[in-house]
Amino acid sequence: MRRARKALTLPLILLALVVGLAACGGGGSSSSGTTTVADGPSPESTWGKEVEKVMRRFENQVSARATEQIHTTSSQQLVEPMYRAYGAALTKLGDELEATRAPAACVALRKQMSDDAHALGQLTTKLGHEGQVDQEEFSALVVVQESRLHRYGRDLTEITYRPHC
């Protein structure tokens, strides 16, 4: 079970990192890298703030609590429903990212963010539907999913932190 909890650690840390880094100004960019007061915020930076808001809400309302519960649970029978719930929350995050008002230049990036969050949701949910296997097999399944979880979590972090529209 320790391996199962470890598999979800990186995506959760990455999502927390996204929120922290976005708060430091990583939520958007403009072609020149700066925005003047006279010009007002660029459409990209406005959208970046919207993405930051979605990510911050996810972290505050879902991720922190779910992470703690998953990391403190040692029983496969107890952790599987947590994986399902967290997977559903990640899928909802993908929907919320897709619903943000991205400028035309950022639509493809918004789609990638949404797709990555949905992929994390599907992989995490899959771990919540493995009740037919024993603890050893469950741990092996977590290991198999781990590289995918890491990839999507890393991709989501990178494109959220440094969006290049």
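Keep in mind the model is a prediction, meaning the values are calculated, not measured.
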Lys111: side-chain hydrogen bond (donor to acceptor under 3.5 Å, both in side chains) partners, not counting sequence neighbours: Asp115
Got a second to check how far Asp116's CG is from Thr160's OG1, nearest 0.5 Å? 8.0 Å
Could you name each residue pair satisfying salt bridge (Lys or Arg N to Asp or Glu O under 4.0 Å) that touches residues 98-108, not counting sequence neighbours? Glu50-Arg101, Glu98-Arg110
More than 12 non-hydrogen atoms from neighbouring residues, nucleotides or ligands closer than 6.0 Å to CD on Gln132, yes or no? yes
Which atom of His118 lies closest to which atom of Thr91, heavy atoms considered: NE2-O, 3.3 Å
Has Arg148 got more than 12 heavy atoms of other residues, nucleotides or ligands less than 6.0 Å from its CZ? no
Non-neighbouring partners of Gln69 that pass side-chain contact (heavy atoms from CB on, under 4.5 Å), sequence neighbours left out: Arg65, Met82
Suppose we screen for side-chain contact (heavy atoms from CB on, under 4.5 Å). Which residues come up paired with Ala85, at least two apart in sequence or across chains? none
Rounded to the nearest 0.5 Å, what's the gap from OH on Tyr86 to CG on Leu127? Could you check? 12.5 Å
Nearest atoms (heavy-atom pairs only) where Thr125 meets Gly87: OG1-CA, 3.2 Å
Just so I know, are the side chains of Met113 and Asp155 near enough to count as touching, which here means a heavy-atom distance under 4.5 Å? no
Considering all heavy atoms, the nearest Leu149-Leu120 contact: O-CD2, 3.5 Å
With sequence neighbours left out, the residues meeting salt bridge (charged side-chain N to carboxylate O under 4.0 Å, His left out) with Glu80 are none
For the hydrophobic clusters of this structure (ILVMFWY residues joined by side-chain heavy atoms under 4.5 Å, transitively), does one cluster hold both Phe138 and Leu78? no
Using modelled atom types only, decide if a donor and an acceptor are shared between the side chain of Ser114 and the backbone of Gly94 within a distance under 3.5 Å. yes
Return yes if some donor-acceptor pair links the side-chain N/O of Ser45 with the main-chain N/O of Ser42 below 3.5 Å, else return no. yes
Contacts of type side-chain hydrogen bond (donor to acceptor under 3.5 Å, both in side chains), residue Glu96, not counting sequence neighbours: none
With Lys126 via salt bridge (charged side-chain N to carboxylate O under 4.0 Å, His left out) - residues at least two apart: Glu130
Inter-residue atom distance Gln112.CD - Glu158.CD, 0.5 Å rounding: 11.0 Å
Close side-chain approach of Leu123 to Tyr152, heavy-atom, < 4.5 Å: yes
State, to 0.1 Å, how close Leu90 and Gly121 come at their nearest heavy-atom pair, and which atoms those are. CB-CA, 3.5 Å
Which residues share a side-chain hydrogen bond (donor to acceptor under 3.5 Å, both in side chains) with Thr100, sequence neighbours left out: Trp47
Just jot down the salt bridge (charged side-chain N to carboxylate O under 4.0 Å, His left out) partners of Glu137, sequence neighbours excluded, or say none. none
Mind jotting down which residue pairs meet the disulfide (SG to SG under 2.5 Å) criterion with at least one end in residues 69-113? Sequence neighbours excluded, please. Cys106-Cys165
Residues which pass side-chain hydrogen bond (donor to acceptor under 3.5 Å, both in side chains) with Glu68, listed by chain and number, not counting sequence neighbours: none
Test of understanding: clusters of I, L, V, M, F, W, Y form through side-chain heavy atoms closer than 4.5 Å, transitively. Do Val51 and Val107 belong to the same one? no
Find the distance between CD (Glu52) and CZ (Arg57) and round it off to the nearest 0.5 Å. 12.0 Å
Any chance you could measure Glu59, atom CD, to Leu93, atom CG, to the nearest 0.5 Å? 10.5 Å
